[in-house]
Amino acid sequence: MNRRKATGKQTRMMLWFEKSSNRTWRGYDLQARIVKIERAFQRQPVTRSDDIPILVNTPTYFSFGSLDKPHDYYSNPASMLEYQASGYEKHLKLVHDDLVPYFMPWFGTGVLASGFGANIRIPDDTADDPAVLEACIKTPSDAASMRLPDPTRDGWMPRVLDAINYAVSNGDLPVGLTDMQGPLDTVGQMCGQAQLYKWMYSEPKMIHELMDLVTEAFIDWVMVQKQHIGEPLHQSNGLQGAYSPGCGVWESDDDLVLVDPGLYQEFVVPYVSRIFKAFGGGSVHFCGNGAPHLDNLLQIENLRVINNSPLGNYSAFEKLYKGLGNRVTFQVQDASSSEPENYYARLLSQIEDFRGLMLVTFVMDNVGMDNQGGYIPVSWNPYETANRIVDSVRRVIEKRLAGEPVIVDDREQLQTAPSAKKGSGADLKQSEYPAEKMATLEVVRRALIDFDNQAIKEGVQSALEAGLHPLDIILHGIAEGMNEVGQLYETGDYFLPQLVMAGATMQEGMTILAPLLKEEGGEGNISRGKVILGTVKGDLHDMGKNLVRTMLEGARFEVIDLGVDVAPGEFIDAVKQYNAELVGLSALLTTTLTSIKLTIEAFDKAGLRDQVKIIIGGAPLSQEYADKIGADGYAPTAVGAVHEAERLLGLV
Ligand code: B1M
């Protein structure tokens with residue numbers, strides 16, 4: 001890998017707000033809010049609810065959940081600047097929060113990865129964000145050929161610089177950094193997340209080299225942006241929608257919630273520490289449960305801010321917040337709640353020390369968050385919603401400071417960890433084999449749980465030598481093992497990388513067994529049905545879908561995986577081509593729920609609806625929604641998808 005030394009000429013640069021004349025914007029006095037935020041960064045005592053900064057971004061700089069982005073938002077810097085500036089002006093007039101405006105040059109989550117060659121999907125409409133569609137590293141030799149990107153030339157980086165330059169020259173807002181996916185997320189986008197997790201085990205040296213290169217590129221990229229902005233290295237005009245005076249950089253580590261603490265410690269902590277050292281401290285962002293990573297987060301050097309969306313997991317938030325022990329500023333970033341009083345009462349009910357707490361929520365035009373952290377369609381006035389949030393949070397904190405209990409509406413259940421579902425993925429009965437044969441099956445089952453590729457080959461070989469039929473090895477060894485792996489994931493004992501590895505181990509076993517079954521004409525016995533699977537149009541999340549594929553394959557379904565961003569017509573063509581009886585649709589975005597509905601309608605229109613059963617799944621979906629749009633099945637988990645497939649095909 002070729003390295004280029006990052007250059008960072010930073011002489012006498014000032015933070016925009018450091019000049020006292022800059023503490024007013026278009027006639028709005030920002031002084032009090034700036035001081036309040038600075039106090040939160042110093043983690044000064046909180047004696048009144050008004051000491052806590054509440055920042056409500058309306059309208060948002062990103063497109064997800066937005067109804068009014070101009071059509072040229074991503075191609076014309078003037079348009080992006082005008083949209084944000086006029087939005088801030090309206091906001092400052094109507095909302096009584098602590099927002100400090102700055103221009104966010106937003107181009108989606110894949111800018112750094114695009115600099116290395118990852119392909120970005122340009123959204124069809126402006127209610128969606130640009131994001132990486134395709135990995136650029138498919139083999140270890142691709143990894144070895146990676147070079148540091150040139151921000152003036154590569155991928156979407158020049159667009160960001162154009163927007164920064166335009167805003168600096170023509171605007172009156174301070175300018176901040178673009179989206180900064182950290183090295184873990186960026187390498188995940190470059191390799192594909194599942195491939196990254198496999199390589200963390202099989203090619204650790206290569207992944208460390210990639211993390212090293214991407215970290216260097218990240219630092220270089222921030223320095224270049226700061227030079228164009230005219231901002232000091234150790235300070236920032238704005239990070240992820242919030243004025244964050246205590247640190248120079250932020251990094252998004254969404255994949256933190258997906259990998260286990262061991263891998264995160266080895267492959268991420270040292271690299272993020274290096275970034276934060278270069279900028280005098282930084283902020284780590286992630287959506288979801290970070291509690292398992294408390295020790296890792298505490299090991300990151302120069303960590304100044306945790307920016308987290310707890311997504312309705314109240315106990316995880318409490319554990320994380322208290323565990324950090326007021327050593328950092330904590331920004332709660334959840335999307336706006338549809339019942340703010342209730343939501344924040346639950347979230348803050350066990351918190352006593354409010355030093356360093358900030359609320360940095362955002363209001364989307366047509367999507368809100370329910371009390372379980374699920375996103376729901378809404379129709380509301382963003383500015384009224386923002387004021388409701390401010391008032392609700394202030395009331396909750398007032399009560400907490402006065403030592404009064406906050407009244408929590410208990411009609412809805414608090415989120416609890418999903419309970420493991422009992423039952424097998426492949427309708428297995430415990431066989432009564434002699435001990436010698438059982439021992440070989442146990443080796444196969446165990447190999448999957450330990451994702452030991454050598455052990456599964458040996459186990460399968462000894463099972464065959466002991467006289468077991470290939471189909472029995474699949475049924476009583478492989479399928480049972482995979483089912484157990486799925487349950488370990490659902491109970492939180494395994495994380496995504498372990499599932500990916502178990503899937504790869506399963507393939508090793510199947511490579512030996514499938515040809516044997518084929519030879520004796522029993523191929524039909526392997527496949528219990530053909531499934532066309534994909535993430536629907538507009539949605540690029542693929543990890544849940546990949547897990548569903550692994551679990552279905554483990555339960556002997558033949559899966560034709562169409563990938564992400566799949567249009568209704570592509571599902572229909574695949575059903576015809578493979579004569580499949582089952583279709584699986586995955587969606588992670590509330591805004592792509594309509595794609596699920598449109599896909600089902602397209603099957604109706606094509607006259608194929610009676611020939612296939614359709615299962616839907618993904619975090620924003622529910623049985624209720626499945627019933628409403630006429631899906632045949634719904635599963636909240638990958639193991640559940642197997643149960644649904646079996647039920648719909650009459651296999652149980
Ligand atoms: Co995004 N993202 N993301 N993201 N992301 C979420 C989903 C979000 C909840 C985070 C948040 O609240 N801020 C939010 C969606 C909100 C909503 O609409 N409900 C969100 C958003 C908004 C976005 C962007 C719009 C951000 C932006 O650009 N403004 C953008 C969208 C891009 C696009 O798709 N057009 C975006 C981008 C990204 C990354 C690229 C950075 C990355 C995706 C990488 C990838 O998938 N290759 C990413 C990630 C990693 C997440 C989180 C952190 C993790 C999602 C995940 O993979 N979970 C997520 C927040 C969170 O959940 N903590 C978030 C693990 C996976 C195994 O679970 O997919 O739920 P899941 O699958 C489960 C079940 O749902 C079920 O089984 C699986 C295992 O049991 N299941 C099925 C799934 N499919 C099924 C199908 C079935 C049956 C069951 O039958 C067919």
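One-based numbering, in listed order, for ligands and for the atoms of each.
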Do [X] and [Y] come close enough that some side-chain heavy atom pair is under 4.5 Å?
X: Pro183; Y: Glu251; answer: yes
X: Val367; Y: Ile376; answer: no
X: Ser63; Y: Pro123; answer: no

For [X], the ligand 1 atoms whose distance to one of its heavy atoms is below 4.0 Å:
X: Gly584; answer: 91 (C)
X: Thr590; answer: 17 (C), 18 (O), 19 (N)
X: Ile615; answer: 90 (O), 91 (C)
X: Asp539; answer: 34 (O)
X: Gln193; answer: 44 (C), 45 (C), 47 (N)
X: Thr637; answer: 76 (C), 77 (O), 80 (O), 89 (C)
X: Leu547; answer: 67 (C), 79 (C)

Starting from [atom], find the nearest protein heavy-atom neighbour and note its residue, name and distance.
atom: atom 12 (O) of ligand 1; answer: Tyr375 OH, 2.5 Å
atom: atom 62 (O) of ligand 1; answer: Leu311 CD1, 4.5 Å
atom: atom 41 (C) of ligand 1; answer: Gln181 OE1, 3.9 Å
atom: atom 73 (C) of ligand 1; answer: Gly544 CA, 4.3 Å
atom: atom 45 (C) of ligand 1; answer: Asp542 OD1, 3.5 Å
atom: atom 69 (O) of ligand 1; answer: Leu588 CD2, 3.2 Å
atom: atom 56 (C) of ligand 1; answer: Leu258 CD2, 4.0 Å
atom: atom 74 (C) of ligand 1; answer: Pro636 O, 3.3 Å

Look at ligand 1 and say whether [X] reaches it with a heavy atom at a distance under 4.0 Å.
X: Ser309; result: no
X: Leu589; result: yes
X: Phe286; result: no
X: Phe107; result: no

Salt-bridge contact [X]-[Y] (side-chain N to carboxylate O under 4.0 Å):
X: Lys545; Y: Asp539; result: no
X: Asp565; Y: Lys537; result: yes
X: Arg528; Y: Glu646; result: yes

Test ring-ring contact (aromatic ring centres under 6.0 Å, His included) on Phe330 and Phe317 and set out the steps. CA-CA 11 Å; Phe330 199 115; Phe317 166 74; 5.3 Å; yes

Are the side chain of [X] and the backbone of [Y] linked by a donor-acceptor contact shorter than 3.5 Å?
X: Tyr88; Y: Tyr102; result: yes
X: Asp185; Y: Asp255; result: yes
X: Asn313; Y: Pro310; result: no

Would a 4.0 Å cut-off, counted as strictly less than, catch a protein heavy atom around [atom]?
atom: atom 26 (C) of ligand 1; result: no
atom: atom 39 (C) of ligand 1; result: no
atom: atom 52 (C) of ligand 1; result: no
atom: atom 18 (O) of ligand 1; result: yes
atom: atom 9 (C) of ligand 1; result: no

To which of [options] does the heavy atom nearest [atom] belong?
atom: atom 85 (C) of ligand 1; options: Gly110, Gly617, Gly188; result: Gly617
atom: atom 29 (N) of ligand 1; options: Val564, Leu540, Leu585, Asp129; result: Asp129
atom: atom 32 (C) of ligand 1; options: Gly633, Ala131, Gly108; result: Ala131
atom: atom 82 (C) of ligand 1; options: Ala631, Gly534, Gly618, Ala626; result: Gly618

Under the side-chain contact (heavy atoms from CB on, under 4.5 Å) test against Ile615, which residue among Val583, Leu582, Val531 passes? Leu582

So, for Ile389 and Thr361, which heavy atoms are closest and what is the spacing to 0.1 Å? CG2-CG2, 4.1 Å

Under the criterion salt bridge (charged side-chain N to carboxylate O under 4.0 Å, His left out), I'd like the reasoning laid out for Asp632 against Arg609: C-alpha separation, chi angles, the key distance, then a yes or no. CA-CA 10 Å; Asp632 300 296; Arg609 189 64 190 88; 2.9 Å; yes

Between Tyr61 and ligand 1, which part of the residue brings a heavy atom under 4.0 Å of the ligand: side chain, backbone, both or neither? neither

Between Asp255 and ligand 1, which residue portion shows a heavy-atom distance shorter than 4.0 Å: side chain, backbone, both, or neither? side chain

Measure up the Phe495 and His293 rings against each other and bin them: parallel (under 30°), tilted (30 to 60°), perpendicular (over 60°). perpendicular

Using the ring of each side chain (for Trp, its six-membered ring), is Tyr314 parallel, tilted or perpendicular to Tyr343, with breaks at 30° and 60°? tilted

Please say whether [X] places an N or O atom under 3.5 Å from an N or O atom belonging to ligand 1.
X: Phe64; result: no
X: Ala638; result: yes
X: Lys545; result: no

For residues Gln577 and Asp573, is any side-chain donor paired with an opposing acceptor at under 3.5 Å? no

Tell me, please, if His541 has any N/O/S atom, main chain or side chain, under 2.8 Å from atom 1 (Co) of ligand 1? yes

Listed partners of Phe286 passing ring pair (Phe, Tyr, Trp, His ring centres under 6.0 Å), at least two apart: none

Reference residue Phe62; test ring pair (Phe, Tyr, Trp, His ring centres under 6.0 Å); the match among Tyr74, Phe362, Phe107, Tyr73: Phe362

Lys NZ or Arg CZ of Lys628 over Tyr625 ring: under 6.0 Å, within 45°: no

